[in-house]
Amino acid sequence: MEEFVLSDLLKSQYIYSTAILDDQGLLMVANPSDHNTKKRLTKFAEVYYTTKEFNQTSIITEKIILIVSKLFDDSTMIVECATDSNLGLVRHEINVAVSRLNSYLQSKSPN
């Protein structure tokens with residue numbers, strides 16, 4: 001399921017890559033799933049800790065914008081997009097993806 005949601009996000013003209021980190025900050029799923037993307041996004045694993053206080057955080061650099069979203073099971077979704085992105089549209093697409101993922105994760109939860 002996670003792979004489908006991430007691949008749907010990549011349909012946006014602004015989003016370059018996506019990933020989900022587990023509750024320890026380790027890469028679980030990346031899309032695209034090539035070696036370079038995984039290596040690059042693994043370097044951003046420390047942003048996992050930024051979601052401890054916020055549900056969503058944006059990190060803006062010269063070359064990319066990272067949007068980090070906390071998920072239901074304390075995992076984290078990272079979205080990498082262009083600096084000239086329509087951030088309103090990107091955030092909306094991310095919020096839809098987070099909602100889909102959270103529904104799925106809640107249904108898998110033993111509670």
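Since the structure is predicted, the reported quantities are computational estimates derived from the model, not experimental observations. Sequence positions, counted from 1, serve as the residue numbers for this chain.
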- Item | Validation row: Ile67, Thr57 side chains within 4.5 angstrom (heavy atoms) | no
- Message: By the salt bridge (charged side-chain N to carboxylate O under 4.0 Å, His left out) test, which pairs, at least two apart or in different chains, include something from residues 94-106?
- Response: Asp8-Arg100
- Could I get the full list of side-chain hydrogen bond (donor to acceptor under 3.5 Å, both in side chains) partners for Ser58, not counting sequence neighbours? Arg91
- Query: If you group Ile, Leu, Val, Met, Phe, Trp and Tyr by side-chain heavy-atom gaps below 4.5 Å, do Leu27 and Phe4 land in one group?
  - Reply: no
- With a 4.5 Å limit on heavy-atom distance, are the side chains of Thr18 and Glu80 in contact? no
- State which residues pass side-chain hydrogen bond (donor to acceptor under 3.5 Å, both in side chains) with Glu2; sequence neighbours excluded, sorted by chain then number. none
- Query: Are Leu21 and Ile78 side-chain neighbours, meaning at least one heavy-atom pair lies under 4.5 Å?
  - Reply: yes
- Task: Enter the distance from Leu89:CG to Gln13:CD here, rounded to the nearest 0.5 Å.
- Result: 7.5 Å
- Could you grab the distance from atom CG of Leu9 to atom CD1 of Ile94, nearest 0.5 Å is fine? 6.5 Å
- Query: Sequence neighbours excluded, which residues qualify as side-chain contact (heavy atoms from CB on, under 4.5 Å) partners of Ser85?
  - Reply: Tyr14, Cys81, Ala82, Leu87, Val90
- Message: When you compare the side chain of Met77 with that of Leu101, does any pair of heavy atoms fall below 4.5 Å?
- Response: yes
- Message: What's the separation between atom OH in Tyr16 and atom CG in Asn31, rounded to the nearest 0.5 Å?
- Response: 16.0 Å
- Task: With the side chain counted from C-beta on, respond yes when Asp73 and Asp23 share a heavy-atom pair under 4.5 Å apart, and no when they do not.
- Result: no
- Item | Partners passing side-chain hydrogen bond (donor to acceptor under 3.5 Å, both in side chains) against Asn102 (at least two apart in sequence or in another chain) | none
- Note on the structure: Taken to the nearest 0.5 Å, the spacing of Glu93 CD from Asn95 CG works out to 10.5 Å
- Compare all side-chain heavy atoms of Pro32 with those of Leu10 and state whether any distance is below 4.5 angstrom. yes
- Are any of the side-chain heavy atoms of Leu6 and Val29 separated by less than 4.5 Å? yes
- Message: Using 0.5 Å steps for rounding, measure from the CG atom of Leu66 to the OG atom of Ser17.
- Response: 8.0 Å
- Query: Should Val96 and Leu105 be regarded as members of a common hydrophobic cluster, given that ILVMFWY residues are connected when their side-chain heavy atoms come within less than 4.5 Å of each other, either directly or indirectly?
  - Reply: no
- Can you find a pair of side-chain heavy atoms, one from Leu71 and one from Val98, that are under 4.5 Å apart? yes
